[in-house]
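Protein chains get the first letters and strands the later ones, always in sequence-line order, with residue 1 at the start of each.
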Number of protein chains: 2
Amino acid sequence: MTSTITATYELDTAIAPERAADIIAGEQSSGTFVAIPGEDEALKARAAATWQITPLNVPCTAPNKRYLLKLSWPLQNLGASLPNLLATVAGNLYELKHVAKLRLLDIELPDEFAAAYPGPAFGIAGTRKLAGVATGPLVGTIIKPSVGLSADGTTEFVDQLCAAGVDFIKDDELQADGPSCPFDERARKVMDVINRHADRSGKKVMYAFNLTGELDEMKRRHDLVLSLGGTLTMLSLNSVGLTGFNAFRKHSQLPIHAHRNGWGYLKDGWSYIAYQKLWRLAGADQMHVNGLANKFQETDDSVIASARECFIPLFKHKPCTVMPVFSSGQTVNQAPGTWAALQSTDLIYLAGGGLFAHPGGIAAGVAALRQSWEAAMNNVPLEVAAKTHRELKEALEKFAG
Amino acid sequence: MTSTITATYELDTAIAPERAADIIAGEQSSGTFVAIPGEDEALKARAAATWQITPLNVPCTAPNKRYLLKLSWPLQNLGASLPNLLATVAGNLYELKHVAKLRLLDIELPDEFAAAYPGPAFGIAGTRKLAGVATGPLVGTIIKPSVGLSADGTTEFVDQLCAAGVDFIKDDELQADGPSCPFDERARKVMDVINRHADRSGKKVMYAFNLTGELDEMKRRHDLVLSLGGTLTMLSLNSVGLTGFNAFRKHSQLPIHAHRNGWGYLKDGWSYIAYQKLWRLAGADQMHVNGLANKFQETDDSVIASARECFIPLFKHKPCTVMPVFSSGQTVNQAPGTWAALQSTDLIYLAGGGLFAHPGGIAAGVAALRQSWEAAMNNVPLEVAAKTHRELKEALEKFAG
């Protein structure tokens, strides 16, 4: 077997780059100070990580210099296991003394990983089919306030949102099975309303039920959602972890909305390009990518790079492409920029305040968002489209600056 | 129910501290720009996070100032769920625009969490009993090289180590079920040797078998280790994640050695004081704390704070105390400092090179480590003890400076 795993890092170090690379590659593979008579060289030939390191001519904190480091491991060292991949590509290397800064930029996996993991069961096409949205973005919202509504309070909102014509609603990541809003009660009441609207309109609103919890709870909640006619589940990736996610994925018969909350404490050590590959291969169908002009620290370039990556095949015969989910401070204003950068509407566009706070109410908020996307896709400036679309005009005034 | 969850952070921000606290507390609870007629105040009274913020008069990057921020949530918001706790205390708050830097220092959990999770099944007393070590530290080593040895190669080392009198051996975190060293073959061969030595010596060496992988694999590997008479399993916490760990813990009948590899990409956002509480409550029995004068970046003060925390009860009626595991560049030299700081030997002391590289061989390496601890516990300087202990003398010479 000659398959290899490759990881690319940005490395800041003050020592000679070749020495830093040797230390890191050694720490993460067969580096040892113990000579095993007669076997050492054969063992290293079999198991050692190899490296390439090149200077990046960019400023960084003195006395360090910044490098691009590529490490490659024989698959033979660990096998096609995502949990064990983590220990190899992101284990004890960040803390090494000569590593002033390290960021995992990308991971390339051999085909054995494609064979070992399922990838998304639904992806873009499956999501569109279940949502009843053949073209254009899925427009929707997040239940607000994030936490504090009862099951009845949540359901009242859902009723209004369905009447207003949204495609998509999600639980907040803070709400899974809080005693004030128990999962089962919420799921039953919400699906009752969604099903009633579907009977009327012919379209079933996709609701991301936050199943996050223990494995047996997640499976049971999944089964309940499925039995109620729900079309989506949601997991907080960093809360659940890879092993729990993979065990759930084996059980799952619905698409999985992957929430990345906690990304903030990972972002200095990981690029989202590397991170999302793990979860796509594991079976996420929809992945959060933040949004343009968001309320967080992330730049627009970084957001778009994350979103584009969702459309790039992971493997030739197993693309694992997923729907990027845009959220955080989204209004009508970001539709043109998002469209211009992606030239795709295979995405979920979630506005909280950008929908609820529309002066014309929720239905006007939904209409304005759709109008903004229609204008964007036709390369019509929002200000021009607003002349013939009242809801869009009001939204532009409300969410100006 | 008036139980609350409290998290303490170190926060760097350039804006007024009260405003920063409001933004963070709002993002992580019921903060919303949407007024819900007649319900808003009641909802906030029920669900809002409350805060206290005090200046820390320490230097930090201008124009920021550093604060100690305490956030408290009603347990009612989420219930006693460790995965959902993560989204609440460490979700979307690190990325907020006005948060220049945030580090979770500590978490205080109400008794409902103690009731909901098992904690360690074995802990310090159970580990000692299974290891056959009533007093003193468990002295041991990690299989080196980290990866590349076959099952037979590993077993040869284990044979030598058992003959040399170690208490404890662990798999490297890079080795779980690599095709070059399949788990089942390694477990069978290693336990065959360990059991043989136990028959001879009356003491069974404790071996931390790295089970990390998918849940069904981990359960199956656990069952194999149990059936072979093994006394310990090991999981890479960050690879497995909380939900996977908790599902495994329900199945487990052996102590769990908790490996923190990947800690390097978490350490800027988490203190180990906060992090280890989650895993102790979940059921880890032994937790890595690095070691004094280690090969990583961590300071000795930080290592000792982590180790001390392992002995501090989590709950009055459910202490969840665990054995700290010292490793990384450990030799005879760190015994006195470790003892002086902890005044306890309820710990596992792992030396790789500090044992293997002893000029007198493995048995001399083990003897020297034991001699260093005996000297330390009797407050005898190592140089004095070395006058009457040859192995210690040789180790001091070998590992000087």
Report task. List the atom of A:N246, the atom of B:E214, and the distance in Å for their closest heavy-atom pair. Result -> ND2-OE1, 2.9 Å
Query raised in the report: Got B:T212 and A:T243 here, is their nearest side-chain heavy-atom distance under 4.5 Å?
Result: no
Report task. Give the member of B:N261, B:L93, B:N294 that has the highest number of heavy-atom pairs under 4.5 Å with chain A. Result -> B:N261
Query raised in the report: Just how far is it from atom CG of B:L215 to atom CZ of A:F245, taken to the nearest 0.5 Å?
Result: 14.5 Å
Query raised in the report: Using non-hydrogen atoms only, which part of A:Y117 is less than 4.5 Å away from chain B: side chain, backbone, both, or neither?
Result: side chain
Report task. Could you tell me the separation between the OH atom of A:Y265 and the OH atom of B:Y265, rounded to the nearest 0.5 Å? Result -> 9.0 Å
Report summary line: Cut-off 4.5 Å, heavy atoms of chain A, and the answer for B:N77 is both
Query raised in the report: Taking B:P74, B:G79, B:G91, B:G241 one by one, which has the highest count of heavy-atom pairs under 4.5 Å against chain A?
Result: B:G91
Requested in this report: Provide the closest heavy-atom pair for A:N290 versus B:E95 in the form atom of the first, atom of the second, distance.
Outcome: ND2-OE1, 4.3 Å
Requested in this report: Find the distance between OG (B:S150) and CZ (A:R46) and round it off to the nearest 0.5 Å.
Outcome: 6.5 Å
Query raised in the report: What residue, out of A:L78, A:L266, A:V240, has the most heavy-atom pairs lying under 4.5 Å from chain B?
Result: A:V240
Report summary line: Scanning both residues in full, the closest heavy-atom pair of B:S29 with A:L174 reads N-CD1, 3.7 Å
Query raised in the report: At a heavy-atom separation under 4.5 Å, does A:N238 approach chain B through its side chain, its backbone, both, or neither?
Result: backbone
Query raised in the report: For A:W73, is it the side chain, the backbone, both or neither that has a heavy atom under 4.5 Å from a heavy atom of chain B?
Result: neither
Report task. For A:P179 and B:Q76, work out which heavy atoms get closest and say how close. Result -> CD-O, 3.0 Å
Query raised in the report: Tell me, side chain or backbone of B:Q175 under 4.5 Å from chain A's heavy atoms, or both, or neither?
Result: side chain
Report summary line: Answer key: most heavy-atom pairs under 4.5 Å with chain B among A:G244, A:S180, A:A247 is A:S180
Query - side-chain contact (heavy atoms from CB on, under 4.5 Å) partner of A:K295, chosen from B:H98, B:K97, B:E27 - result: B:E27
Query raised in the report: Among A:A80, A:A87, A:A48, which residue forms the greatest number of heavy-atom pairs with chain B at distances under 4.5 Å?
Result: A:A87
Report summary line: Checking B:N84, B:L242, B:T88, B:L86 against A:S239 for side-chain contact (heavy atoms from CB on, under 4.5 Å), the one that qualifies is B:L86
Query raised in the report: Should we say atom NZ of B:K101 is surrounded by more than 12 heavy atoms from elsewhere, each under 6.0 Å from it?
Result: yes
Report task. Indicate yes or no: at least one non-hydrogen side-chain atom of A:Q297 is less than 4.5 angstrom from one of B:L96. Result -> no
Query - Closest heavy-atom pair and its distance - A:G262, B:N92 - result: N-OD1, 4.1 Å
Query raised in the report: For B:S81 and A:G213, which heavy atoms make the closest approach, and how far apart are they?
Result: OG-CA, 4.3 Å
Query raised in the report: If you tally heavy-atom pairs under 4.5 Å against chain A, which of B:V147, B:L85, B:V99 wins?
Result: B:V147
